[in-house]
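I have placed the structure first, in the form of structure tokens, so that the comments after it can refer back to it.
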Amino acid sequence: MDPVSPTSLGILSLLPPLITIVLALWTKRVIESLFAGLAIAAWALDYHASGLFHSLLYLVPNTFNVIAGHPAAETLKGMGIVKDAGRGQLLVFIVLLGSFMTVLDHGGGAIDFAKRASKYIRGQVGAMLTSWAIGVCIITSAYFSILVNGTVMRPIFDRLKISREKLAFFCHAMSVPTKALLPISGWIAYMVTLIEDNIPGVEKGSGLQAFIATMPYNFYSWMMPLFVFGVALKLIPEYGPMRRAEQRVAKEGLLHWPGSTPMMSEEHEKKLATMKKDGHMVDMIVPVAISVLFLLVLGMWNHLNQQLALGLPKLPLDTTAILNVGFAAGIL
């Protein structure tokens, strides 16, 4: 499989993401779908370079070369996703991050926080403000934020005659933006990699510091929580389909459109069944605070040491190593 220009594959370049998305939606199995996308990408590169027969004959080894690289072949050395120690550390980080979120999920701290907040709800404005607060305070995972927000607030929104469409809007709009502003969510690995690979002047290993420096310019992540806050206070009126949904509930008392089917997947039901119901919000606050402290201190150590001329030893830690230390501390 010879190296080819990434712009010369034409319509073939659309096949890997298209097949990955279709398979993920159809099978509900993300890992296998991503693996299939990698296989199609390897096939497309080889087909373009060497023809149909060669691409089919070498499909399996080429797929593994795309994943792991091929140290004996010059043309394949740069293909590997796990081609150096830094990429291996990134995989360790993903495992630690997933473990950290699982510990927090099963600890029940987020559920306890949400239940405590819901006790003080007074009317529709109070319910929407509580949903907004849950989205702000659950910072570890966008998915977990949606899960807790929907689970806790659904019966409250129903009781107060607020449409399911508005609940879905609050859950979704408050999921990603608040997580993208803090170096403790699953978004951090993706964004740090994008910064290091695409922004001139950002060296490998300094992506975390660059990410922190870019936070003031992440306008969507700042503006969306403010917009939702205005909607919660009814300072921003409903419009478009949301307005029609709210009018439906007010006039007809229907939380859903007639004939619609609420989505509640089997995976969601299983997740709800495993969530601890007697946890304390401290079980979430303390680990998160420890991880954030480690990430901020270690991430800014060398920069502040240089800027303030403190004369302290330089930490030999790149971005991934700092993330691994931070989440390991949180897990402990």
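Counting from 1, the numbers follow the sequence of the chain as shown.
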Could you work out, with ring pair (Phe, Tyr, Trp, His ring centres under 6.0 Å) as the rule, every residue matching Y58, not counting sequence neighbours?
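Residues passing ring pair (Phe, Tyr, Trp, His ring centres under 6.0 Å) with Y58: H54.
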Atom CZ of residue position F169 - does it have more than 12 heavy atoms of other residues, nucleotides or ligands inside 6.0 Å?
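Above 12, so yes.
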Is the side chain of [X] donor-acceptor paired with the backbone N or O of [Y] at a distance under 3.5 Å, no angle test?
X: S291; Y: G326; value: yes
X: T214; Y: F211; value: yes
X: W132; Y: M174; value: no
X: D283; Y: H280; value: yes
X: S163; Y: R248; value: no

Could you report the tightest heavy-atom contact between [X] and [Y], atom names first, then the distance?
X: A173; Y: V228; answer: CB-CG2, 3.7 Å
X: P225; Y: T178; answer: CG-CG2, 4.2 Å
X: S33; Y: A24; answer: OG-N, 3.1 Å
X: Y239; Y: P237; answer: CD2-O, 3.5 Å
X: Y220; Y: P177; answer: CE2-CG, 3.7 Å
X: G123; Y: L160; answer: O-CD1, 3.4 Å

Look up atom [atom1] in [X] and atom [atom2] in [Y], then write down how far apart they are to the nearest 0.5 Å.
X: D46; Y: L59; atom1: CG; atom2: CG; answer: 9.0 Å
X: H256; Y: D158; atom1: NE2; atom2: CG; answer: 7.0 Å
X: L15; Y: I40; atom1: CG; atom2: CD1; answer: 7.0 Å
X: L34; Y: I19; atom1: CG; atom2: CD1; answer: 13.0 Å
X: L45; Y: N62; atom1: CG; atom2: CG; answer: 8.5 Å

Tell me whether [X] shares a hydrophobic cluster with [Y], the cluster being built from Ile, Leu, Val, Met, Phe, Trp, Tyr side chains joined at under 4.5 Å.
X: V176; Y: L226; answer: no
X: F327; Y: V95; answer: no
X: I162; Y: W257; answer: no
X: L255; Y: M242; answer: no
X: V282; Y: V288; answer: yes

I want to check something: taking the side chain as every heavy atom from C-beta on, are [X] and [Y] in contact at a cut-off of under 4.5 Å?
X: L56; Y: W43; answer: yes
X: V286; Y: I290; answer: yes
X: I134; Y: M153; answer: yes
X: F35; Y: E32; answer: no
X: F229; Y: L235; answer: no
X: R164; Y: F157; answer: no
X: Q124; Y: K166; answer: no

The criterion is side chain to side chain contact (heavy atoms under 4.5 Å, CB included); which residues satisfy it with A232, sequence neighbours excluded?
M128, L129, F170
ILVMFWY clustering at 4.5 Å (side-chain atoms), partners of L25
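When side chains under 4.5 Å apart are linked, the cluster holding L25 also contains I21.
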